[in-house]
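Read the structure below first, then the notes.
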Protein chains: 2
Amino acid sequence: MILTKENRNTIQRKLIWEALKRLNHPTADDVYLAVRENYPNISRGTVYRNLNQIAEKGELQKIPIPSGPDIYDVTLRPHYHIKCRRCKKIYDVEMEDLPDISRYITDKHGFVIENHEIVFQGLCPKCNKNGGYNNE
Amino acid sequence: MILTKENRNTIQRKLIWEALKRLNHPTADDVYLAVRENYPNISRGTVYRNLNQIAEKGELQKIPIPSGPDIYDVTLRPHYHIKCRRCKKIYDVEMEDLPDISRYITDKHGFVIENHEIVFQGLCPKCNKNGGYNNE
DNA sequence: ATACATGCAAACACTTTGCAGCACA
DNA sequence: TGTGCTGCAAAGTGTTTGCATGTAT
C-alpha cells in the first residue's frame, strides 16, 4: 500500500513560499538569500528540499536553464526563455500560446505530457553588435 | 582588432569528432570514455574543451538536459526530448517540424535567434501505470 | 508519540581552469 | 618559432544527502 506523505507547514516552508511569490523567477540560491533576510538560520538544504517538494506536488514550476541553475516560477503557465550564446545571459521571452504544441509530437511513447519548456538560443543585441566575429 | 583564433587539428580533436559521429547523443563523459578506449591518456578537460570549441563554432549542438549532463549532437536539426517527472529518465521525441516556432515570439528584445530546445515533462508509461498516487 | 523537517557539513555530479610542458602550423 | 593544445589536478558551481536534533500534528 502506497501512501501520500504528509506535508508539514513549517515556518521555513511558509517563508520559502512567500519568497517565491514575490521574487521574479528566482534560483534556489535567490530564494535562500531572500528568506535568510528574515530568518538567518535557514540552510540551503532546507530551501532545496522544499523547492523540490513543492515542485513535485505541481504547485511550482522548476525550469532548468542551460549552463545555469534551475529557476522556479509560481505561475504555472509555461513561459519561455532565451539565452545568449556569447554572454550567457538569460532573458524572458513573450510568446503567443502555441496551439497545443504537444499535438505536434508524432511519437510520444505513451507519455502523459504535463508541460514543457522552450529555451531559445542566439545572440543578444549587444553581443551581435560587438561584431559577429566568431560566429562561424 | 579582433582575430578569429586558429584551430589546430590535434589527434585528440579528431578522435573526439569521430566519437561524436558514432555515438548516439552522448554526454561529455560518454565521449571521454569512448575516446579513452583507443587513446587512454586523454583527459576529461581536453574533451570538455574540445566539445565547447566545436559547439562554439556551430558544428555541434550542445543540448542542456534538465537535471543531467549536457548532451551533444552532430545533427544540427533540432530534436526534442521528454523527461519523466517521476523516474527522471530522458527519452527522444519524434516531432514534425513546427512551422518556424520563433515566429511566435512577439517580443524577442532584438535577439538573433539561432536555435532552440524543447524539453517536455510528464509521466512515462511505467510511472503512470504504477499509480498516480503522488500526482497532486 | 512519532513521522517528518530542520541545520549542518560532507559528498556528489558536472564542468571549468591554472599551469608547465608538448606539438601543430 | 610561437601560439594553441594537452594532461593533470584543483577548484568552481549547483544540488543532494546522512545524521543528530527539533517540531508539527
Side-chain angles (χ1 to χ4, degrees), chain A residues 1-17 19 25-36 38-57 60 62-72 83 85-90 134, chain B residues 1-17 19 25-36 38-57 60 62-72 83 85-90 134:
Chain A
M1 194 59 194
I2 297 143
L3 295 174
T4 311
K5 199 164 66 168
E6 178 194 357
N7 268 356
R8 294 188 178 173
N9 279 321
T10 61
I11 303 152
Q12 291 89 341
R13 180 163 320 167
K14 265 174 234 153
L15 292 170
I16 287 166
W17 183 245
H25 41 240
T27 63
D29 207 61
D30 293 336
V31 173
Y32 167 69
L33 294 172
V35 171
R36 209 174 52 158
N38 300 312
Y39 196 89
N41 281 342
I42 197 162
S43 78
R44 279 193 172 79
T46 296
V47 172
Y48 276 100
R49 270 183 297 235
N50 275 282
L51 291 175
N52 281 336
Q53 209 171 66
I54 299 170
E56 191 75 14
K57 288 199 299 173
L60 180 64
K62 180 178 190 170
I63 301 166
I65 293 296
S67 316
D70 298 347
I71 64 178
Y72 294 87
K83 175 165 173 263
R85 160 165 65 79
R86 188 88 57 88
C87 71
K88 315 298 183 198
K89 290 212 185 72
I90 305 276
N134 66 7
Chain B
M1 194 58 194
I2 297 144
L3 296 175
T4 310
K5 201 165 63 167
E6 178 195 357
N7 267 357
R8 293 188 178 172
N9 278 321
T10 60
I11 303 153
Q12 290 88 341
R13 180 163 319 166
K14 265 174 234 153
L15 292 171
I16 288 166
W17 183 246
H25 39 240
T27 64
D29 208 60
D30 293 336
V31 174
Y32 167 69
L33 293 172
V35 172
R36 209 174 52 159
N38 299 313
Y39 195 89
N41 281 341
I42 197 162
S43 78
R44 278 192 174 79
T46 296
V47 172
Y48 276 100
R49 270 183 297 234
N50 275 282
L51 291 174
N52 281 336
Q53 209 172 66
I54 299 169
E56 191 74 15
K57 289 199 297 172
L60 181 64
K62 180 178 189 169
I63 301 165
I65 292 296
S67 317
D70 298 346
I71 64 177
Y72 295 87
K83 175 167 174 262
R85 160 165 64 79
R86 189 88 56 85
C87 70
K88 314 299 183 197
K89 289 211 185 74
I90 306 276
N134 65 9

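Lettering of chains follows the sequences in order, A, B, ..., and the numbering in each one begins at 1.
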Practice task
Begin from the C-alpha positions of N52(B) and K62(B) and carry the test side-chain contact (heavy atoms from CB on, under 4.5 Å) through to its verdict.
Solution key: CA-CA 8 Å; N52(B) 281 336; K62(B) 180 178 189 169; 2.7 Å; yes
Practice task
Could you walk me through whether Q53(A) and N7(A) pass the side-chain contact (heavy atoms from CB on, under 4.5 Å) test, one step at a time?
Solution key: CA-CA 9 Å; Q53(A) 209 171 66; N7(A) 268 356; 3.8 Å; yes
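Under 3.5 Å, the side chain of R8(A) and the base of dC4(C) form at least one donor-acceptor pair of N or O atoms. On a pure distance criterion of 3.5 Å, a polar donor-acceptor pair joins the side chain of R49(B) and the base of dG18(C). For a distance-only test at 3.5 Å, the side chain of R13(A) fails to qualify as a donor-acceptor partner of the base of dA5(C).
Between K14(B) atom NZ and dA25(C) atom P the separation is 7 Å, expressed in whole Å. Taking atom OH on Y48(A) and atom P on dA10(C), their separation rounds to 18 Å, with Å as the unit. In this structure, the CD atom of Q53(B) is 17 Å from the P atom of dT15(C), given to the nearest Å. Remark: P of dG4(D) and CG of N52(B) are 18 Å apart, rounded to the nearest angstrom. E56(B) places its CD atom 15 Å from the C1' atom of dT15(C), with the value rounded to the nearest Å. Between the CD1 atom of I42(B) and the C1' atom of dA9(D) there is a distance of 17 Å, given to the nearest Å. Rounded to whole angstrom, the span from the CG atom of N7(B) across to the C1' atom of dA23(C) amounts to 15 Å. Going from atom CZ of R44(B) over to atom C1' of dT17(C) covers 16 Å, rounded to whole Å.
Of the residues near DNA chain C, N9(B) and D29(B), the one whose nearest nucleotide (by heavy atom distance) lies more toward the 5' end is D29(B). Residue Y39(A) is the one, among Y39(A) and T27(B), whose nearest nucleotide of DNA chain C lies closer to the 5' end (criterion: closest heavy atom).
The shortest distance between the side-chain N/O atoms of Q12(B) and the OP1/OP2 oxygens of dA23(C) is not below 4.0 Å. OP1 or OP2 of dT6(C) sits under 4.0 Å from a side-chain N or O of T10(A). Within the structure, every side-chain polar atom (N or O) of S43(B) is placed at least 4.0 Å from both OP1 and OP2 of dC8(D).
By the 4.5 Å heavy-atom criterion applied to side chains, Y48(B) and L51(B) are not counted as neighbours.
When all heavy atoms of Y72(B) and T27(B) are compared, the closest pair comes out as CD1-C, 4.3 Å.
Side-chain atoms of R13(A) do not come within 3.5 Å of backbone N or O of N50(A) as any donor-acceptor pair.
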